[in-house]
Amino acid sequence: MALHEGPTKADERSLSVNPFYGDADPVSGMTEAPPKHRLPDGPTPPSTAYQLVHDELMLDGNSRLNLATFVTTWMEPQAGLLMAECRDKNMIDKDEYPRTAELERRCVAMLADLWNAPDPSAVVGCSTTGSSEACMLAGMALKRRWSKRTTDPAARPNLVMGVNVQVCWEKFCTFWEVEARLVPMEGERFHLDPQAAADLCDENTIGVVGILGSTFDGSYEPIAELCAALDALQERTGLDVPVHVDGASGAMIAPFLDEDLVWDFRLARVASINTSGHKYGLVYPGVGWALWRDKDALPEELVFRVNYLGGDMPTFALNFSRPGAQVVAQYYTFLRLGRSGYRAVQRSTRDVARELADRVEALGDFRLLTRGDQLPVFALTTAPGVESYDVFDVSRRLREHGWLVPAYTFPPNREDLSVLRIVCRNGFSADLAELFLDDLTRLLPELRRQPHPQTRDKGAATGFHH
Ligand SMILES: *Cc1c(COP(=O)(O)O)cnc(C)c1O
């Protein structure tokens with residue numbers, strides 16, 4: 001989490017307490033103003049403490065208007081109730097909470113089936129805090145498999161992927177000392193090129209990451225073509241490079257809306273897949289999933305065992321303690337929606353994205369890079385000839401209306417391109433999309449009248465991380 005520094009002198013003020021927040025005597029409630037950056041000397045009544053924290057949180061953005069995030073911002077009250085009922089259960093205590101453990105196991109089995117594992121009973125998988133942890137685990141499995149087959153002690157492992165990977169893969173490479181070999185963007189190709197990826201592989205390549213879909217523009221990477229390019233590489237050179245599919249978003253979209261797209265365990269080269277239960281898996285943050293095709297794909301040395309019903313249960317995780325509520329909520333959602341329910345939810349989200357993309361394009365000021373027809377996400381930039389404002393101006397002005405739409409610059413070799421990205425999620429209804437479009441439409445005349453783009457600090461404006 002954020003690496004915070006200690007408080008500065010200016011931070012030494014106390015919290016201010018409204019006299020109403022005190023107990024029976026409002027004045028006594030005021031005499032004890034708790035310090036901000038020191039543990040208070042004594043207790044504060046619960047009602048006062050609640051109100052203070054509640055009030056401070058009013059200034060957070062409204063998560064439903066956050067079109068930057070992929071993470072679920074609405075669930076049914078029943079899911080919230082189950083989560084509240086389970087907040088005291090620690091996921092790691094398999095022996096104490098065997099039913100929670102069982103629900104996790106069923107979720108893994110359902111995902112193995114959903115992702116077309118040829119032998120679902122051979123699949124191994126686990127829940128995680130999100131896709132980032134799942135990607136760390138998958139990357140560690142790839143690295144360990146490589147180190148078991150390498151004979152050169154001085155060899156340095158590398159991982160091949162598109163430059164558009166999510167930041168968790170940069171973290172993986174930094175934390176585990178793996179060289180990141182990045183396929184750049186070229187022209188109108190904003191994600192990995194299969195042949196370019198195969199060309200970067202050598203005997204120290206632990207694997208290739210394919211993304212379904214890219215956080216930059218919502219496009220699916222061509223996983224089947226990637227596997228074919230690596231098959232050809234193997235035929236030519238003997239190198240057998242496994243693929244990990246980062247399906248943080250798309251692994252919960254494609255199975256329902258793009259059934260003919262072959263991207264999953266149907267491809268023999270796909271060793272492992274992750275998804276974020278808290279993105280299009282439709283669960284509040286933080287839950288993710290990592291699945292391996294079979295035991296060979298997940299080296300036994302990485303597996304730790306905990307007590308379970310008189311025996312032991314294998315586990316693979318970075319954390320030890322973790323709440324059980326999200327896993328329970330994932331099981332609830334699987335049970336609640338089923339295949340056709342997920343299909344209906346994802347279809348309506350993608351319909352909203354496509355319709356909104358078309359209507360934004362019709363305004364005439366923007367050029368779409370993607371159209372919301374893969375992930376329900378689209379990226380756009382200003383149309384040629386628009387010179388009075390840029391995407392950073394649009395992002396800033398939308399914020400005045402409460403809409404959070406990030407603007408950012410693309411990575412190599414398209415640093416010249418700056419885009420806006422709109423992520424549609426369940427809960428962003430056609431009605432809300434209409435209101436968004438109204439606000440955007442109303443802003444345009446003013447933006448067009450600007451003498452030039454107003455963004456002063458592009459560095460700060462592009463600090464957005466995916
Ligand atoms: C969101 C995302 C991640 C990180 O997932 P978290 O669940 O936020 O940890 C990794 N890869 C891709 C492609 C993503 O979209």
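Just follow the structure's listing: the first ligand is 1, and inside any ligand the first atom is 1. Numbers here are sequence positions counted from 1.
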Just which atoms of ligand 1 are under 4.0 Å from any heavy atom in S132? 4 (C), 5 (O), 6 (P), 9 (O)
Kindly give the heavy-atom pair with the smallest separation between G281 and T333, and that separation in Å. O-CG2, 3.9 Å
Pairs of nitrogen or oxygen atoms closer than 3.5 Å, one from H278 and one from ligand 1: do any exist? yes
Does T215, backbone or side chain, put an N or O under 3.5 Å from an N or O of ligand 1? no
Ligand 1 atoms nearer than 4.0 angstrom to some heavy atom of K279 are 1 (C), 2 (C), 3 (C), 5 (O), 14 (C), 15 (O)
Is it true that the side chains of N90 and S321 contain a donor and an acceptor less than 3.5 Å apart? yes
Distance only, no hydrogens: is a donor on one side chain within 3.5 Å (strictly under) of an acceptor on the other, for T349 and N426? no
E188 atom CD, neighbour heavy-atom count above 12 within 6.0 Å: yes
Which atoms of ligand 1 sit under 4.0 Å from any heavy atom of S276? 5 (O), 6 (P), 7 (O)
Return a yes/no value for W169: is any of its N or O atoms, backbone included, closer than 3.5 angstrom to an N or O of ligand 1? no
Does the gap between the ring centers of Y342 and F256 come in under 6.0 Å? yes
Give the atom numbers and elements of ligand 1 that come within less than 4.0 Å of a heavy atom of C168. 10 (C)
Under a 4.5 Å cut-off applied to non-hydrogen side-chain atoms, are C201 and V208 in contact? yes
For ligand 1, is there an N or O atom under 3.5 Å from any N or O atom of E133? no
Does atom CD of E56 have more than 12 heavy-atom neighbours, drawn from other residues, nucleotides or ligands, at distances under 6.0 Å? no
For I211, atoms of ligand 1 separated by under 4.0 Å from a heavy atom: 13 (C)
